[in-house]
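I have placed the structure first, in the form of structure tokens, so that the comments after it can refer back to it.
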Amino acid sequence: MMKYQQKSLENVYIVALDIKGAFDQVWHNGLLDKLSAKGITGPLHSCLQNYLEGRSIQVVLSGQSSSPQPINASVPQGSILGPLLFSIFIDDVVEQCDNSIFLYADDSTIYAPVTSLNGPNVAASLNKDLENIRRWADTWKVTFEPSKCKAMVLSRKRLPSCPDLFLGATRIDLCEQLNILGLCIDRKLCVVSFCCCLL
């Protein structure tokens, strides 16, 4: 008679990542390369290139203006194309992760279930994902803000443990509540508060 080990879900580790500047971090040359890789070529690619290039930034303070400076990154916020182009720019970050990662605009959330069988390996797996994401960010000129990245343990236990998780050399803070897409949830998956924003 064969005995089967039964996996029982113990905890779920969640890591919420914060991209510094988000829409301002979209590197034009990188985005154009990614558009080409997705089969967007010819006149449409040229049109999008014209849409992105030739932009500049200028500071106005107390009636005084700086000279315009060219920029090679960012997509216009408040535009129809902005969120779509940002999503295209970051969507390949999912390929860096062995664990599940969810992307919505500039919100990126990794989660990893912990069972009685995989427990010892989950921390190593998450830290590997975080290191791969850091390398991806370096390649595509994206900056994550480690101090704003947070980790949380979903658990029924009173005092659940969480491994040390790192983004680069920075240890990610463990919190009791986490804001995800306007919902503030606690470690028992109860909604603490929510905000509704009209766009």
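In this structure, Cys97 and Ile110 approach most closely via the heavy-atom pair SG-CD1, 4.4 Å. The two residues Glu176 and Arg187 have their closest heavy-atom pair at OE1-NE, 2.9 Å. When every heavy atom of Val142 is checked against every heavy atom of Phe89, the shortest pair comes out as CG2-CE2, 3.6 Å. Among all heavy-atom pairs drawn from Ile172 and Ala151, the shortest one is CG2-N, 3.6 Å. Taking every heavy atom of both residues into account, Ala123 and Leu165 meet most closely at O-CD2, 4.2 Å. Nearest approach of Ser155 to Glu10, heavy atoms of both residues: OG-O, 4.0 Å.
For the pair Tyr51/Pro76, a side-chain contact is recorded, criterion being any heavy-atom separation below 4.5 Å from C-beta on. The side-chain heavy atoms of Met152 and Ile185, taken from C-beta on, include a pair separated by under 4.5 Å. Counting heavy atoms from C-beta on, the side chains of Leu52 and Asn50 never come closer than 4.5 Å. In this structure the side chain of Leu103 reaches within 4.5 angstrom of the side chain of Ile101, judged on heavy atoms. Residues Tyr104 and Ser87 are not in side-chain contact: their nearest non-hydrogen atoms beyond the backbone lie 4.5 Å or more apart. Contact of the Ile90 side chain with the Trp136 side chain is registered, since non-hydrogen atoms from C-beta on lie closer than 4.5 Å. Taking 4.5 Å as the limit, some side-chain heavy atom of Gln25 sits within range of a side-chain heavy atom of Thr143.
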Might you work through the side-chain contact (heavy atoms from CB on, under 4.5 Å) test for Val93 and Ile133, ending with a clear yes or no? CA-CA 7 Å; Val93 73; Ile133 288 173; 4.0 Å; yes

Begin from the C-alpha positions of Leu130 and Asn132 and carry the test side-chain contact (heavy atoms from CB on, under 4.5 Å) through to its verdict. CA-CA 5 Å; Leu130 290 167; Asn132 288 341; over 6 Å; no

Walk me through it: do Leu181 and Thr109 pass the test side-chain contact (heavy atoms from CB on, under 4.5 Å)? CA-CA 10 Å; Leu181 298 178; Thr109 307; over 6 Å; no

As a quick check of understanding, evaluate side-chain contact (heavy atoms from CB on, under 4.5 Å) for Gln177 and Cys175, giving each step before the final call. CA-CA 6 Å; Gln177 298 177 355; Cys175 60; 5.9 Å; no

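Distance check, rounded to the nearest 0.5 Å: CG of Leu126 to CG of Asp164 gives 12.5 Å. Annotation: the span from Tyr111 atom OH to Asn99 atom CG amounts to 9.0 Å, rounded to 0.5 Å. Here CZ of Phe86 is found 4.0 Å from CD1 of Ile19. Values are rounded to the nearest 0.5 Å. We find the CG-NZ distance between Asn29 and Lys141 to be 9.0 Å, quoted to the nearest 0.5 Å. Atom SG in Cys149 sits 12.0 Å away from atom NZ in Lys20 (nearest 0.5 Å). For the atom pair OG (Ser46) and CD1 (Ile40), the distance works out to 12.5 Å, reported to the nearest 0.5 Å.
Side chain to side chain, Glu145 and Ser147 meet the donor-acceptor criterion of an N or O pair below 3.5 Å. In the model, Asp24 has no side-chain atom that pairs as donor or acceptor with a side-chain atom of Ser74 under 3.5 Å. Judged purely by distance below 3.5 Å, without hydrogens or angles, the side chains of Ser56 and Gln58 never pair a donor atom with an acceptor atom.
A salt bridge is defined here as a Lys NZ or Arg NE, NH1 or NH2 lying under 4.0 Å from an Asp or Glu carboxylate O, and Lys38 with Asp91 meets this definition.
In this structure a side-chain-to-backbone donor-acceptor pair under 3.5 Å is missing from Ser79 to Val75. Between the side chain of Asn179 and the main chain of Gly182, no donor-acceptor pair closer than 3.5 Å is present. In this structure, Asp18 contributes its side chain and Ser108 its backbone to no donor-acceptor pair below 3.5 Å. Not a single donor-acceptor pair under 3.5 Å links the side chain of Asp98 to the backbone N or O of Ser125. In this structure, the side chain of His45 does not engage the main chain of Leu35 through any donor-acceptor pair within 3.5 Å. Side-chain N or O atoms of Glu131 include none that pairs as donor or acceptor with a backbone N or O of Leu167 at under 3.5 Å. Judged by distance alone, the side chain of Thr170 and the main-chain N or O of Phe166 form no donor-acceptor pair under 3.5 Å.
For Ile57, the CD1 atom counts as loosely surrounded, since its 6.0 Å shell holds 12 or fewer non-hydrogen atoms of other residues, nucleotides or ligands.
Under the 6.0 Å distance and 45° angle rule, Lys34 does not count as a cation-pi partner of Trp27.
Cluster annotation: Ile71 and Leu85 are assigned to distinct hydrophobic clusters (Ile/Leu/Val/Met/Phe/Trp/Tyr, side-chain heavy-atom contacts under 4.5 Å, transitive). By the rule that hydrophobic residues join a cluster once side-chain heavy atoms approach within less than 4.5 Å of another member, Leu178 and Val191 end up as members of one cluster. Note: the hydrophobic cluster containing Val26 also contains Leu44 (ILVMFWY, side chain heavy atoms under 4.5 Å, direct or indirect links).
Under the side-chain contact (heavy atoms from CB on, under 4.5 Å) test applied with Val12, the options Val153, Leu154, Leu189, Val114 reduce to a single match, Leu154.
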